[in-house]
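Proteins get letters first, then strands, A, B, ... in listed order; numbering begins at 1 in each. Please read these numbers as outputs of a predicted model, since none were measured by experiment.
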There are 2 protein chains.
Amino acid sequence: MAHKPRSEMIAETRAKLLASGRQAFGTVGYAEASMDDFTAAAGLTRGALYHHFGDKKGLLEAVIAEIDGEMSERLRQVSAMAGNPWQGFVDECTAYIEMALEPEIQRIVLLDGPATLGDPWQWPSQNACIRSMTDSLQKLIDAKLVVEVDPEAIARLISGASLHAALWIANADDPPSASKKAVKAFNVLLEGLLKDRSRH
Amino acid sequence: MAHKPRSEMIAETRAKLLASGRQAFGTVGYAEASMDDFTAAAGLTRGALYHHFGDKKGLLEAVIAEIDGEMSERLRQVSAMAGNPWQGFVDECTAYIEMALEPEIQRIVLLDGPATLGDPWQWPSQNACIRSMTDSLQKLIDAKLVVEVDPEAIARLISGASLHAALWIANADDPPSASKKAVKAFNVLLEGLLKDRSRH
DNA sequence: TCTAATCACATACGCCACGTATGTAAGTGG
DNA sequence: CCACTTACATACGTGGCGTATGTGATTAGA
């Protein structure tokens, strides 16, 4: 019954804390999540948490970085599957809205994250998923498909709009209906970016 | 030295708590604001606060309702001053971005508010300032200036985009430059709404 | 005008959560 | 094999929130 190597045990502990914290933050929210509770749920104590992440905010940062990475990867796949660059971009935006509908993402990344850690773009994780959107836009501009605007600014606006749309949809009386309206309105706004609007 | 009537004293107390809480929430943030501290700063104790607002969240709601009213009034004035309806709408959006740059509004209404109280549109205050934007849009649609889309959805998207733009600008290395980029990008998006884009 | 009831707060108490300081056992390098 | 580090657990203090209770001033009724 030889023990696993030490480094592996450590990584496992870290992963357990990350998962347990993510679960707690995603359900009851950051402020309401008790460190004693969710570390115990992972079979550990706060001591381990402070050792690995410094403090509660440190764990939140790590959780967000993890989720952010997953979101980024999902967006990458979506845009890669599209037929043409513009459609890829539109799909990416739509996917972003859909992701923002997931309670865990909404709660952790979109609500508690900014309120607790401040502006997402200043985060170490650099909000990779928005970077991805910025890149897509730059390519569209280079290809003369989209008018010349600062891609970072547009990506910002898009993601902000998506977030609020998602909040709205999630809390609407009739989510599917609200979702349709939001996507429709979203497409109208996006058309403002196109150089040649006629091809609609 | 006849004392003021009782009702007036009560209103004064309420106002003092509201102002002190608003000051604290706007500077150190909701979570970091100690009730003992900012009630003492108002020359009172937490007893008064619990009597008037129920709990800490109750005070936050009241503060937000107050700020929301002010924002709504400012937006109303801006759109009323514009030459034509479309310009009025654009000005309103721009004003919204500018307001979102104010630290107090950003901190309380845009960050801590949603994180603590949930979706803004479910708030009792009904987010009057976004209502105002919805109304403006409805008028533009009725006047056939803007394509037929759900005004509520658009207002949602706009306000979300504005918020994130403001966060970006506020934290940018060069805020004035970022602001220009954001407004430019914003105008491009808004043009997607126009029926006849040529009049630009 | 005297009294009783109410109201607008202040005071006191307990609980819980966070952060830190300290302890300890297991592992590692020389 | 021994000194040292690492990865946690335990113990403690502080502070913030909510509630239960107290109290003095105001108001209402006879």
- Using the test side chain to side chain donor-acceptor pair (under 3.5 Å), find all partners of A:N171 that sit at least two apart in sequence or belong to another chain.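 Side chain to side chain donor-acceptor pair (under 3.5 Å) check on A:N171 returns nothing, list empty.
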- Message: Treating primed atoms plus P, OP1 and OP2 as sugar-phosphate and everything else as base, which nucleotides of nucleotides 9-21 of chain C get B, S or - for protein heavy atoms under 4.0 Å?
- Response: BBBB----SBBB-
- Query: Do B:E73 and B:Q77 get their side chains close enough for a donor-acceptor pair, meaning under 3.5 Å?
  - Reply: yes
- Distance-only side-chain donor-acceptor flag, A:N187 / A:E191, under 3.5 Å: no
- Query: Going hydrophobic residue to hydrophobic residue with side-chain gaps under 4.5 angstrom, can you get from A:L59 over to A:L110?
  - Reply: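 Same hydrophobic cluster.
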- Message: Just the rounded figure in Å: distance from C1' of D:dG15 to CD of B:E32.
- Response: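 Atom-to-atom, B:E32 to D:dG15, this comes out as 12 Å.
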- Nearest whole angstrom, please: distance from the P of D:dC17 to the CZ of B:F53. 15 Å
- Message: Checking the side chain of A:S179 only, and the main-chain atoms of A:P175 only, is there a donor and an acceptor separated by less than 3.5 Å?
- Response: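 No; judged by distance alone, with no hydrogens or angles, the pair does not exist.
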